[in-house]
Amino acid sequence: MEKGKLLYEGKAKQLFQTNESEVIWVEYLNQATALNGAKKDQIKGKGELNNRITSLIFDYLKSKKIKNHFIKRLSANEQLIQAVEIIPLEVVVRNVAAGSFSKRLAIPEGTSLSLPIVEFYYKKDELDDPMVIDDHILFLQIASTEEIAQLRQLALEVNHALIELFDSIDIQLIDFKLEFGRQKEGSLLLADEVSPDTCRLWDKKTNEHLDKDIYRRDLGDIVPVYQEVLNRLEKRGK
Ligand code: TMP
């Protein structure tokens with residue numbers, strides 16, 4: 001497989017063409033951002049940790065029959081993925097109140113939700129990724145009614161599988177964000193990444209944050225924390 005020209009540069013990853021039109025070469029960067037890019041830092045080791053963690057989690061999801069774009073990890077900070085047309089929605093699943101949910105509805109962080117809650121956010125930096133409801137998604141022609149139903153269903157399936165995974169390594173899955181793409185024939189495929197950048201993970205015994213809130217809230221260094229998540233995932237695999 002040959003790495004071709006740069007196709008897209010995001011906040012945490014670069015996507016490159018390859019000699020196969022359906023395959024994309026991803027490089028995970030050391031950049032960390034928060035507040036829609038207003039806070040930005042280079043953190044040595046972050047790209048490698050997220051690449052390794054995402055690779056393990058996407059492989060695990062495959063083993064649970066949840067299809068996703070991951071093909072294989074190439075190196076410490078590179079992986080191959082299947083090309084899809086990304087749907088500009090962030091699909092957030094919440095099991096426990098935290099972050100923007102706690103702020104918006106004045107529900108204390110840590111409050112268990114009786115059922116998982118699925119929310120959609122429109123991926124549009126200029127608008128600060130606003131929350132959208134089904135009718136907005138239809139009006140903006142982002143996805144069809146059937147696709148919205150499928151996104152909810154798939155997000156809940158991922159939630160079920162991830163709760164089990166993290167529970168087995170003494171981590172409580174508070175909430176997370178997913179992105180999906182359309183394949184050539186139109187079916188939806190889980191894409192992007194699943195890492196401590198995109199999930200809230202709390203240690204089951206101590207309630208310590210094992211995720212990007214450490215960076216967002218200036219609570220310390222994320223590298224040892226992400227390393228701890230990777231160590232637990234790798235140990236589980238042995
Ligand atoms: P929130 O509480 O800030 O809405 O975040 C909910 C979850 O989604 C949390 O696990 C962090 C993740 N997330 C992202 O991965 N990217 C984003 O741009 C946002 C806003 C949240």
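Given the structure is predicted, the values throughout are model-derived calculations rather than measurements. Counting convention: from 1, in listed order, for ligands and their atoms alike. Numbering starts at 1 and runs along the sequence shown.
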_Option whose closest heavy atom lies nearest to atom 4 (O) of ligand 1, chosen from Ala34, Ala12, Ala97, Ser100_ = Ser100
_Does Gln141 have more than 12 heavy atoms from other residues, nucleotides or ligands lying within 6.0 Å of its CD?_
no
*What do you reckon, are the aromatic ring centroids of His136 and Phe120 less than 6.0 Å apart?*
no
_Is the contact between Glu90 and ligand 1 made by the side chain, the backbone, both, or neither, using heavy atoms and a 4.0 Å cut-off?_
side chain
*What residues, two or more places apart in sequence or in another chain, satisfy salt bridge (Lys or Arg N to Asp or Glu O under 4.0 Å) together with Glu109?*
Arg217
_Between the side chains of Asp59 and Lys72, is the shortest nitrogen-to-carboxylate-oxygen separation below 4.0 Å, so that they form an ion pair?_
no
*Asp170/Arg232 ion pair, N-O < 4.0 Å*: no
*In terms of atom number and element, which parts of ligand 1 are under 4.0 angstrom from non-hydrogen atoms of Gly99?*
2 (O)
*In terms of atom number and element, which parts of ligand 1 are under 4.0 angstrom from non-hydrogen atoms of Arg216?*
11 (C)
*What is the closest protein heavy atom to atom 7 (C) of ligand 1, and at what distance does it sit?*
Asp175 OD1, 3.6 Å
*Out of Lys177, Lys103, Lys212, Arg200, whose heavy atom is nearest to atom 13 (N) of ligand 1?*
Lys177
*Going by the order shown, which atoms of ligand 1 are within less than 4.0 Å of some heavy atom of Arg94?*
1 (P), 2 (O), 4 (O), 6 (C)
*Against heavy atoms of Asp197, which atoms of ligand 1 measure under 4.0 Å?*
15 (O)
*asked:* One thing to verify: whether Asp129 and Lys124 come together as a salt bridge, which I'm taking to mean a side-chain N less than 4.0 angstrom from a carboxylate O.
replied: no
